[in-house]
Amino acid sequence: MAAAPETKTVHSPALTYFSMLSLLSLCPPFVILLSANATLSCLLKYSMLLGLRWYTMVHADGSVAQTWNYLKQHGLQGFIDIWPRPTAIAWKIIFVYGAFEAALQLLLPGKRVEGPISPTGNRPVYKANGMAAYFVTLVTYISLWWFEIFNPTVVYDHLGEIYSALIFGSLIFCVFLYIKGHVAPSSTDSGSSGNFIIDFYWGMELYPRIGKNFDIKVFTNCRFGMMSWAVLAVTYCIKQYELNGKVSDSMLVNTTLMLVYVTKFFWWEAGYWNTMDIAHDRAGFYICWGCLVWVPSVYTSPGMYLVNHPVNLGMQLALYILVAGVLCIYINYDCDRQRQEFRRTNGKCKIWGKAPSKIEATYTTTSGETKTSLLLTSGWWGLARHFHYVPEILAAFFWTVPALFNHFLPYFYVVFLTILLFDRAKRDDDRCRSKYGKYWKLYCNKVPYKIIPGIY
Ligand code: NDP
């Protein structure tokens, strides 16, 4: 993200595969109940986690122990009491923000960009106006504050209600995706597994659209999810300023790194349309709930913590962290850029000053056509098969470390991201192994490490 992130391991692939196997071997009603329970319990667990995280950050001094003691004392009723309810203002903020982003997506000019060939042989077409949308969004948001038309602290003050509304709103949105996938799919890259829960969870359509031009995954993943990350980072900064009359250097480092990361994302947005989230994962609960709920709440959380825990790092330490963070974001960007430049030029480019080393891998599409892809085996992609996840995780560490080590909670995202990316590397390897067969094996022999060169 950046893909945004396969933010979204709401429940493990193993569980879904288990559900699929069960579907074939056991009687259907039992399986539906089994998987439904698993999905429902994941949803409840993650929603509860979000609510408790928000409460701990904002009302319990960032201390998990304090929240735990409160829950021990007050039990379920205590939990119900602190659970933020969606309010009219929360819905209004979400609706206005969503409508604004949808309008920018539709109306701003942008270059025509073709996505990668889909499994059924389609090539989706996009309008690359992400950077313009990002710029307009931030300028509008900061101007609204500057000219005292709308104060972003309102967003911070209603954050719990907003998250709560997002949890329920996005669930309804996923039901809409499920129904659309059945009654009005946008392309042949769509289909049902025959199991309601799997269709709902993993999605039915790869490229769902409203009309010809409004791409739903670009909206959920990029323009709502990733954009909200930048908007909330700015919100936290403004809130701290309004509380203390100044912004601490820790908050400045955190906000700057997050904004550099999100700017990189929108700069490279058309590249993101070639990644797993867009090109391989269908639009269902797994990806959409993650982008609509998990990204705005979990990804932004180190900044949320810093609002009422300002740390003074001192100029030198702040600069070291900033430089290290920017370097990691740059390396992550360069890994993605290298792979895409290599594919775009059909291998006719320079990688670290030399002609790239590569494997020409053939595969068969679902419609039976034989195609060829190039696999890069030098540069960053020669160090490990998913080396780009290392700088991704380190960058997250560097924008969190300004919070120092008084509490674990700000580090939740770094831990979550590490688990997510290790799982993702495995998922991607499995997918590529089944797509490329012996050619992938050749790549694994040539580049034996999955993520960390020499170690894993
Ligand atoms: P990649 O960009 O790594 O794309 C993986 C795909 O690239 C594979 O499925 C394969 O697709 C192709 N590929 C694999 N190996 C090679 C190779 N050697 N040469 C050429 N092509 C290859 O996947 P991600 O979507 O995981 O990552 C994209 C970015 O998003 C990264 O910067 C990552 O760090 C970031 N990210 C961030 C997350 C977050 O939550 N913050 C979560 C996930 C990702 P094909 O079928 O085309 O061959």
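For ligands, and for the atoms within them, numbers begin at 1 and follow the listed sequence.
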CD1 on Ile455 to OH on Tyr449, rounded to 0.5 Å | 8.5 Å
[X] heavy atoms, cut-off 4.0 Å: which ligand 1 atoms fall inside?
X: Cys432; answer: 8 (C), 9 (O), 10 (C)
X: Met276; answer: 25 (O)
X: Leu374; answer: 20 (C)

Have a look at Trp229 and tell me which of Trp399, Tyr236, Trp294 forms a ring-ring contact (aromatic ring centres under 6.0 Å, His included) with it.
-> Trp399
What do you reckon, does His386 put a non-hydrogen atom under 4.0 Å from ligand 1?
-> no
If you measure every N or O of [X] against every N or O of ligand 1, does any of those distances drop under 3.5 Å?
X: Tyr436; result: yes
X: His388; result: yes
X: Asn332; result: yes
X: Tyr413; result: yes
X: Trp440; result: no

Side chain to side chain donor-acceptor pair (under 3.5 Å) partners of Asp249, counting only residues at least two apart = none
Heavy atoms of Leu104 and Ala133 approach each other most closely as CD1-O, 3.7 Å
Can you name the nearest heavy-atom pair linking Lys127 to Gln105, along with the distance?
-> CE-O, 3.8 Å
Within reach of ligand 1, part of Leu376 (heavy-atom separation under 4.0 Å) = both
Just let me know how Thr377 lines up against ligand 1, side chain, backbone, both or neither, with a heavy-atom cut-off below 4.0 Å.
-> neither
Is a salt bridge present between Arg223 and Glu269, judged by a nitrogen-to-oxygen distance below 4.0 Å?
-> yes
Look at atom 2 (O) of ligand 1 and find which of Lys435, Gln340, Arg339, Arg343 reaches it with the closest heavy atom.
-> Arg339
